[in-house]
Amino acid sequence: MGRAVAERLTTLSRPPALRLRLDLAGGPGVAERVRELASRESACCSFFTFAVSAASSGEDRVHLDVSVDEGHASVLEALAARAGAAVRR
């Protein structure tokens with residue numbers, strides 16, 4: 001997880017078992033930076049699928065959804081644990 005994500009992370013959730021949603025504080029250029037990070041991560045770790053979207057409620061938030069296949073569930077668990085530690089700081 002990149003510094004840009006960790007510094008803006010507000011909450012995380014696990015909608016279904018193979019997906020992680022990271023909610024980030026928005027701001028100028030945040031969505032673009034997160035999309036760039038997701039693109040770089042996809043290039044090195046093709047088992048991840050990323051989707052970046054803005055909050056629909058008008059809040060200044062960016063959602064980063066990360067999903068994997070069953071064979072990489074443990075990698076997603078590790079990412080969720082790391083993100084959870086960042087939220088608790």
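- Taking both residues in full, the closest heavy atoms of L18 and A73 are given as CD2-CB, 3.7 Å, listed atom of the first, atom of the second, then distance.
- Residues satisfying the side chain to side chain donor-acceptor pair (under 3.5 Å) criterion with E32, sequence neighbours excluded, are absent altogether.
- Panel note: side chain S39, backbone R35; no donor-acceptor pair is recorded below 3.5 Å.
- One distance of note links CG of L64 with CZ of F50; it measures 6.5 Å at 0.5 Å rounding.
- In this structure, the side chain to side chain donor-acceptor pair (under 3.5 Å) partners of R14, at least two apart in sequence or on a different chain, are E77.
- Here the CG atom belonging to L79 is positioned 6.5 Å from the CG atom belonging to L22, to the nearest 0.5 angstrom.
- When every heavy atom of V52 is checked against every heavy atom of A38, the shortest pair comes out as CG2-CB, 4.5 Å.
- Smallest separation of non-hydrogen atoms from L12 and G84: CD2-N, 3.3 Å.
- Screening residues 43-54 for side-chain hydrogen bond (donor to acceptor under 3.5 Å, both in side chains) gives no qualifying pairs among residues at least two apart or on separate chains.
- With sequence neighbours excluded, no residue forms a side chain to side chain donor-acceptor pair (under 3.5 Å) with E70.
- In terms of the side chain to side chain donor-acceptor pair (under 3.5 Å) criterion, S13 has no residue partners (sequence neighbours excluded).
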Determine, step by step, whether L24 and V34 satisfy the side-chain contact (heavy atoms from CB on, under 4.5 Å) criterion, reporting the C-alpha distance in whole Å, the side-chain angles of both residues, the deciding distance to 0.1 Å, and the verdict. CA-CA 9 Å; L24 312 170; V34 173; 3.6 Å; yes
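- Judged by distance alone, with hydrogens and angles left aside, the side-chain atoms of T10 form a donor-acceptor pair with the main-chain N or O of D23 at under 3.5 Å.
- In this view, D65 and R19, R21 satisfy the salt bridge (Lys or Arg N to Asp or Glu O under 4.0 Å) rule, not counting sequence neighbours.
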